[in-house]
Protein chains: 2
Amino acid sequence: MSDGSDNQLLFVPLGGAGEIGMNLNLYAYGDAWIIVDLGITFADSYLPGVEILMPDPSFIEERRDKLLGIVLTHAHEDHLGAVAHLWPRLRCPVYATPFAGTILGSKLSETGIEAEVPLYEIPRAGAFTLGPFDIRYFPITHSIAEANGLVIRTPAGTIFHTGDWKFDSDPVICPPTDEAALKALGDEGVLALVCDSTNVFNQTESGSEAAVGDNLREVLADHPGRILVTTFASNIARLASLGRAAVALDRHLCLVGRSLIRNVEVARALGYLDGFPPLVDESEVGYLPREKVMIVSTGCQGEGRAALSRIAQGQHRHIALGEGDLVVFSSKQIPGNELAIGRLINNLAEQGIKVMTERDAFIHVSGHPSRPELERMYDLIRPEIAVPVHGERRHLMAHAELARQKGAKQAVVVTNGKVVRLAPGPAEVVDEVKVGRLALDGDRLVPVDGDVIATRRRIMYNGYLGVAVAVDGDGHLLAKPSLDLQGIPGGEAGGPVEAAILRALDRATEGFKEAVRRDDRHLAEGLRIVARRAAKAATGKETGPITKVHVIRVQ
Amino acid sequence: MSDGSDNQLLFVPLGGAGEIGMNLNLYAYGDAWIIVDLGITFADSYLPGVEILMPDPSFIEERRDKLLGIVLTHAHEDHLGAVAHLWPRLRCPVYATPFAGTILGSKLSETGIEAEVPLYEIPRAGAFTLGPFDIRYFPITHSIAEANGLVIRTPAGTIFHTGDWKFDSDPVICPPTDEAALKALGDEGVLALVCDSTNVFNQTESGSEAAVGDNLREVLADHPGRILVTTFASNIARLASLGRAAVALDRHLCLVGRSLIRNVEVARALGYLDGFPPLVDESEVGYLPREKVMIVSTGCQGEGRAALSRIAQGQHRHIALGEGDLVVFSSKQIPGNELAIGRLINNLAEQGIKVMTERDAFIHVSGHPSRPELERMYDLIRPEIAVPVHGERRHLMAHAELARQKGAKQAVVVTNGKVVRLAPGPAEVVDEVKVGRLALDGDRLVPVDGDVIATRRRIMYNGYLGVAVAVDGDGHLLAKPSLDLQGIPGGEAGGPVEAAILRALDRATEGFKEAVRRDDRHLAEGLRIVARRAAKAATGKETGPITKVHVIRVQ
């Protein structure tokens with residue numbers, strides 16, 4: 001695209017618009033660019049052998065001489081998880097408030113680039129300037145400590161970028177969102193509200209974190225055995241509530257799971273968990289009376305390697321649960337994880353362990369705004385332009401409709417790669433740029449729509465057939481062909497499929513024309529077609545295996 | 001296992017107990033065996049390249065001289081879908097009521113075994129005898145035409161095998177379940193109630209099919225554009241309601257999707273759809289005014305090849321939807337399909353098509369009994385023994401608990417493979433037999449925990465590396481090795497990973513001892529270790545690719 005002229009204000013999402021996950025937002029004024037958030041998504045089962053995905057940053061990478069900084073709103077993986085992987089391509093300053101900054105620091109040191117990254121910690125509600133952008137962190141409630149909206153003032157107008165948020169009159173660890181300040185911002189005039197769409201289909205307010213805390217304490221009160229509560233590791237307010245519950249119920253609190261321990265460490269260091277009870281180490285739990293223990297653990301999404309799954313399978317070094325114990329999921333099921341969570345719950349039930357989820361009791365609230373909360377936000381900010389983000393297409397569309405009903409003059413449905421001009425003139429999509437998703441595979445980033453993944457998926461459906469032949473200069477076989485059948489039914493060595501393929505190859509080789517036999521590539525292709533067809537016929541599969549023929553010419 | 005002694009009554013589930021799907025129940029009295037239901041499960045994404053699964057019938061296959069018949073309760077895939085695949089291993093008579101019998105007939109002719117299978121159609125509420133088993137079909141409401149419980153009378157007592165069921169005072173197509181007859185059965189004395197556990201966690205009655213029909217008509221009334229409703233193809237009552245809605249709304253009805261058309265054909269032939277409106281062919285829809293069309297289609301689970309997905313992608317030959325049209329999901333999301341359904345809905349929303357699901361309006365009810373319905377069943381039948389089936393472990397356990405509360409003397413939690421003696425003496429697990437799951441791959445059945453699937457999964461995570469070498473009698477290379485890298489990041493031909501592997505192989509070959517070089521297997525293994533290690537190092541993956549070395553010895 002042609003970059004903006006001097007006084008244009010642009011918004012370009014490269015991730016997180018048209019999907020929930022891997023946020024990457026760009027703002028440009030003139031030729032100055034900033035990134036807001038740089039997150040990952042967890043791969044679903046459609047992507048074989050891959051765990052995390054992130055946006056392809058090529059577009060901004062090509063402009064990195066004009067990139068002034070990466071500004072992070074909060075510490076969730078879908079907002080900062082990609083920094084450790086993509087920063088080497090961007091090499092610009094990074095800005096975060098202390099909680100997110102500390103969490104990011106750990107991640108950077110894991111990938112060994114901590115010393116290289118200029119990471120600036122901005123105090124809560126602090127401000128800083130990047131070229132034409134005056135940026136102020138605006139503390140806002142979410143399901144993590146120190147979530148922030150961003151007030152971004154530019155010569156072309158002010159943007160309020162909400163980040164992830166909700167309204168909560170009693171959010172437990174931080175003060176409630178300052179609605180008077182939001183109204184003042186609205187009074188001052190906001191050009192564009194770039195806003196979270198996740199829960200636009202929820203008709204009623206999510207409810208308060210404090211109410212969840214009270215209720216948790218109540219539902220846990222009468223349980224006689226061990227209690228294990230699993231929740232999101234970064235939900236510091238929930239952890240604070242669980243700490244209070246442990247004290248009230250006279251139980252020793254034990255944290256299990258690396259990310260949980262790390263998050264609590266950081267939160268305590270920053271003063272978010274004052275009054276948190278002393279912890280017992282997981283190695284102590286086995287020596288305490290069952291009714292005196294409350295364990296909080298990772299693994300609420302059924303992740304195979306997380307603490308709870310290992311405990312459920314009896315594979316945890318220190319923690320064992322049994323008949324009469326209680327496991328509480330103080331969490332929601334993230335779409336795509338239903339089967340894994342179901343397996344985990346069955347596994348627990350099988351051992352006589354009671355399981356409680358948010359279906360059974362009010363023990364979780366969302367961190368995102370439902371319709372009434374969104375409406376209140378529009379009443380306060382009164383933007384000219386609404387730009388829904390953090391949602392799938394249907395969420396963005398419903399949110400845009402809501403914004404129009406609430407008086408926004410314009411509401412732009414924008415998905416990844418669309419370049420929206422916010423000023424001057426009416427907001428509109430003026431261009432489209434390259435986007436994509438990169439998968440972390442080993443220590444390499446590969447495009448998810450590239451060959452590596454596509455090949456694996458094809459083999460996953462069809463199996464693989466390798467054929468190796470040694471031939472002389474005229475293409476006559478010097479020995480029996482060698483076969484390798486992988487993942488093909490009936491394909492065991494010496495089995496019927498192998499025999500069928502060998503028969504077909506045997507008949508075929510001498511039938512090729514001399515020009516084919518003398519050319520490695522033609523010979524390989526001819527044999528490939530014969531071998532694949534034979535495999536297809538022998539297995540009854542619609543598509544044959546991925547087939548490769550090695551031709552080794554021995555002169 | 002040692003088969004039962006003369007007067008033992010046994011129950012042995014080989015599928016469907018401890019899971020929802022692929023039901024296969026066995027009953028034995030003395031040495032006579034019957035099968036109740038023989039169904040499939042749809043594979044989840046954990047099983048690469050496989051669509052359907054079914055129980056491994058080995059245990060009963062080994063006793064097929066004592067197997068008197070397969071009795072089918074109803075036509076859902078999880079109850080009869082495996083007959084066409086497994087009957088050749090069992091070769092016994094099959095019993096079904098007309099609707100299920102006709103559906104099964106189609107399936108048998110698709111696999112070409114229709115002429116071989118002795119299929120007996122039993123009229124609704126009809127009875128027949130198989131050795132010591134007097135069996136009566138007991139019509140019961142479910143989400144399909146002609147669902148049946150089975151009253152199985154044996155010398156050791158009576159079993160009521162519910163099949164899938166619910167209570168519904170107005171089920172639209174068949175009379176409501178005869179509760180007086182259930183009570184009479186209870187009065188007579190029932191030894192064991194083998195009963196559906198699917199919805200044991202639902203606290204309130206599902207609601208009536210007729211109420212859904214009324215409500216569908218209401219919510220569709222004011223829509224100006226085309227209407228497409230997607231639902232389960234075999235839900236004949238829902239289809240009857242949609243037929244009435246089409247008439248009431250003065251819209252032409254069009255059915256799209258092979259299984260839907262087939263089910264309606266069968267239902268009409270059996271008199272279940274009297275008053276169903278005339279249908280327009282899908283090729284006519286494009287010529288009718290938008291507000292005069294109601295399409296009913298398959299694809300409510302987001303299945304890629306079903307009609308709705310093709311319509312949403314603009315790939316359907318005749319049907320196109322657009323801005324202002326409405327798609328209604330009169331269905332639930334089956335766990336595991338959430339992502340596919342989500343993608344489908346986004347795709348529709350993107351085109352300006354309105355989408356309505358059961359979250360938005362009361363347009364679907366379950367076909368399984370909630371807690372209050374289960375309680376009513378126990379009040380009517382008053383069994384001595386409760387045997388919960390059709391549920392995951394946690395469902396079975398909760399159901400057993402409920403049964404005990406309702407006065408059942410015994411409640412046995414039994415999962416696949418457990419042999420339960422129902423009489424004489426107290427019900428107990430007396431043995432355990434072989435169970436497993438078979439996947440249909442092409443036209444072969446392969447064990448899901450066998451090599452074929454495991455290999456594919458390994459390649460899906462790690463990629464594949466093939467190496468071919470031609471060597472002389474002493475193991476010296478006769479030409480440059482040939483490599484094949486599949487699904488390996490950086491593995492393109494001439495790329496860095498290939499180069500690293502070739503370098504490693506080059507160094508290695510001559511380093512092996514003579515005994516290794518002269519033995520094909522030892523040489524292949526030596527080279528495999530070298531090549532795999534090099535690939536691992538070059539990609540940074542924790543595990544290396546599946547690696548195969550072809551050694552071709554040219555003498």
Side-chain angles (χ1 to χ4, degrees), chain A residues 18 44-46 48-49 201 335-336 338-339 342 345-350 352 355 359 392-394 397 441-444 446 451-453 455-457 459-464 466 468-470 478-479 481-482 484 486-492 539-542 546 548 550-555, chain B residues 18 44-46 48-49 201 335-336 338-339 342 345-350 355 359 392-394 397 441-444 446 451-453 455-457 459-464 466 468-470 478-482 484 486-492 539-542 546 548 550-555:
Chain A
D44 63 48
S45 48
Y46 185 68
F201 293 114
E338 294 84 355
L339 294 174
I345 291 178
N346 281 323
N347 199 334
L348 294 167
E350 198 157 331
V355 174
R359 282 188 62 170
E392 297 175 9
R393 188 77 186 218
R394 62 196 144 122
M397 294 179 66
D441 192 30
D443 57 13
R444 286 170 191 265
V446 299
D451 275 349
V452 170
I453 304 288
T455 299
R456 282 197 219 148
R457 191 180 301 122
I459 294 180
M460 155 178 137
Y461 281 99
N462 302 302
Y464 171 88
V469 294
L478 295 172
S482 166
D484 181 28
Q486 300 276 359
I488 297 177
E492 62 282 357
T539 56
K541 293 198 75 157
E542 272 175 54
I546 305 303
K548 156 78 180 183
H550 302 266
V551 170
I552 304 183
R553 188 78 58 172
V554 178
Q555 302 290 358
Chain B
D44 64 48
S45 49
Y46 184 67
F201 293 114
E338 294 84 356
L339 293 174
I345 292 178
N346 281 322
N347 198 334
L348 293 167
E350 199 157 331
V355 174
R359 282 188 63 171
E392 298 175 7
R393 188 77 186 220
R394 62 195 144 127
M397 294 179 67
D441 192 29
D443 56 13
R444 287 169 190 266
V446 299
D451 275 351
V452 170
I453 304 287
T455 299
R456 284 199 216 145
R457 191 179 303 121
I459 294 179
M460 155 180 139
Y461 281 99
N462 302 304
Y464 171 88
V469 294
L478 295 171
K480 192 184 145 198
S482 165
D484 182 29
Q486 300 274 359
I488 296 177
E492 63 282 358
T539 57
K541 293 197 76 157
E542 271 176 53
I546 305 302
K548 157 79 181 183
H550 303 266
V551 169
I552 305 184
R553 187 77 60 172
V554 179
Q555 302 289 357

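Reckoned from all heavy atoms, side chains included, excluding hydrogens, waters and symmetry mates. As the structure is a computational prediction, the values presented were derived from the model and not from experiment. Numbers restart at 1 for each chain; the letters A, B, ... are given by sequence-line order, proteins then strands.
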- Task: Specify which of A:Thr455, A:Leu339, A:Val452 makes the most heavy-atom pairs with chain B at under 4.5 Å.
- Result: A:Val452
- Donor-acceptor under 3.5 Å (A:Lys541 side chain, A:Pro489 main chain): no
- Query: Among B:Val446, B:Val355, B:Asp451, B:Ile345, which has the most heavy-atom pairs under 4.5 Å with chain A?
  - Reply: B:Ile345
- Message: I'd like to know if the side chain of B:Arg394 and the backbone of A:Ala349 have a donor-acceptor N/O pair within less than 3.5 Å.
- Response: no
- Under 4.5 Å heavy-atom distance to chain B, tell me which part of A:Arg457 shows up: side chain, backbone, both or neither. neither
- Note on the structure: Assert top hit (heavy-atom pairs under 4.5 Å, partner chain A, pool B:Glu542, B:Met397, B:Glu350, B:Glu492) equals B:Glu350
- Mind checking whether A:Ile488 and A:Thr539 have side chains closer than 4.5 Å, heavy atoms only? yes
- Note on the structure: chain B shares the most heavy-atom pairs under 4.5 Å, among A:Gly491, A:Gly352, A:Gly18, A:Ala470, with A:Ala470
- Below 4.5 Å from any heavy atom of chain A, which atoms of B:Ser482 appear? Answer side chain, backbone, both or neither. both
- Query: If you round to the nearest 0.5 Å, how far is OH of B:Tyr464 from CZ of B:Arg456?
  - Reply: 15.0 Å
- Item | Greatest number of heavy atom pairs closer than 4.5 Å to chain B - which of A:Arg553, A:Gln555, A:Lys548 | A:Lys548
- Which atoms of B:Asn346 approach chain A - backbone, side chain, both or neither, heavy atom under 4.5 Å: both
- Which bit of B:Leu348 is near chain A, if near means a heavy-atom gap under 4.5 Å: side chain, backbone, both or neither? neither
- Message: On a heavy-atom basis, which atom in B:Ile552 and which in A:Ala479 lie closest, and how many Å separate them?
- Response: CG2-CB, 3.6 Å
- CG-CD1 distance between A:Asp441 and A:Ile453, expressed to the nearest 0.5 angstrom: 5.5 Å
- Can you tell me how far the CD atom of B:Gln486 sits from the CD1 atom of B:Ile459, to the nearest 0.5 Å? 9.0 Å
- Note on the structure: Cut-off 4.5 Å, heavy atoms of chain A, and the answer for B:Val469 is backbone
